[in-house]
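Single-structure report; data block below.
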Amino acid sequence: MAHWLFKSEPETWSWQQQLAKGAPEEWHGVRNYQARNNMRAMQLGELGFFYHSVQEKRIMGIVKVVALAHPDSTALVPGEKVVWECVDIEAVKPLPKPVGLDEIKAEPDLAGMVLVNNSRLSVQPVSDGEWAKICAMGGL
DNA sequence: GCCAACGTTGGC
DNA sequence: GCCAACGTTGGC
């Protein structure tokens with residue numbers, strides 16, 4: 001199974017909110033084709049990291065894909081073709097030790113991460129090796 | 001607050 | 001179809 005990384009500015013939607021909700025949340029608002037295509041590729045039950053950008057810059061926890069890509073309800077224009085889609089995700093568990101961007105950059109094994117090389121992409125693939133490494137760094 | 005990187009738009 | 005101009009994102 002593939003792994004992913006979801007970025008969010010905590011001011012807009014935070015890990016704390018996601019965790020407190022305890023129910024599926026539509027990952028709407030993505031207006032980037034690459035990010036959308038990543039969501040289209042997701043399978044039910046696949047896991048992803050939840051990353052806080054801008055203010056905190058760290059990976060907070062793990063989420064699970066609970067609904068396949070479907071039209072983004074915030075981007076629907078009646079009578080027009082659907083362009084933007086999103087998946088639904090649910091919080092699984094927090095990382096005991098959130099992993100900061102500075103720690104990721106300091107780790108040679110993670111130098112190839114999309115987060116490091118294309119920080120603007122809001123929904124990213126994470127390789128199995130990167131996934132395992134970050135889980136370990138996060139205390140799991 | 002600044003700026004680099006990236007994506008999108010629109011004129012040609 | 002190319003490319004300059006512009007807007008946005010996100011790290012510093």
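Reckoned from all heavy atoms, side chains included, excluding hydrogens, waters and symmetry mates.
- In terms of phosphate contacts, A:Q34 brings a side-chain nitrogen or oxygen within less than 4.0 Å of OP1 or OP2 of B:dG7.
- Side-chain atoms of A:Q55 and A:E11 form a donor-acceptor pair, as typed in the model, at a separation below 3.5 Å.
- Annotation: A:F50 is not in aromatic contact with A:W4 [ring centroid separation under 6.0 Å not met].
- Residue contacts shown for A:L121 are absent, as no nucleic acid heavy atom lies under 4.0 Å away.
- Here the P atom of nucleotide C:dG11 and the CD atom of A:E56 are 12 Å apart, to the nearest Å.
- With sequence neighbours excluded, no residue forms a side-chain hydrogen bond (donor to acceptor under 3.5 Å, both in side chains) with A:N117.
- Atom CG of A:N32 is separated from atom P of B:dT8 by 6 Å (rounded to the nearest Å).
- If you measure from atom OH of A:Y33 to atom P of B:dT9, you get 8 Å, rounded to the nearest angstrom.
- The shortest distance between the side-chain N/O atoms of A:K7 and the OP1/OP2 oxygens of C:dG10 is below 4.0 Å.
- Straight-line distance from the CZ atom of A:R120 to the C1' atom of B:dA4: 10 Å, rounded to whole Å.
- For A:N118 and C:dG11, the CG to P distance is 11 Å, given to the nearest whole Å.
- For the OP1/OP2 pair of C:dG11 and a distance below 4.0 Å, the side-chain nitrogens and oxygens of A:Y51 include at least one atom meeting the criterion.
- As a whole-Å value, the separation of A:R31 CZ from B:dT8 P is 13 Å.
- The side chain of A:S119 sits closest to C:dG11 out of B:dC6, C:dG11, B:dT8.
- For the pair A:K57 NZ and C:dG11 C1', the computed distance is 6 Å after rounding to whole Å.
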Query raised in the report: Stepwise, does the side chain to side chain contact (heavy atoms under 4.5 Å, CB included) test hold for A:R58 with A:V99?
Result: CA-CA 5 Å; A:R58 51 186 188 157; A:V99 177; 5.9 Å; no
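- If you measure from atom CD of A:E9 to atom P of C:dG11, you get 9 Å, rounded to the nearest angstrom.
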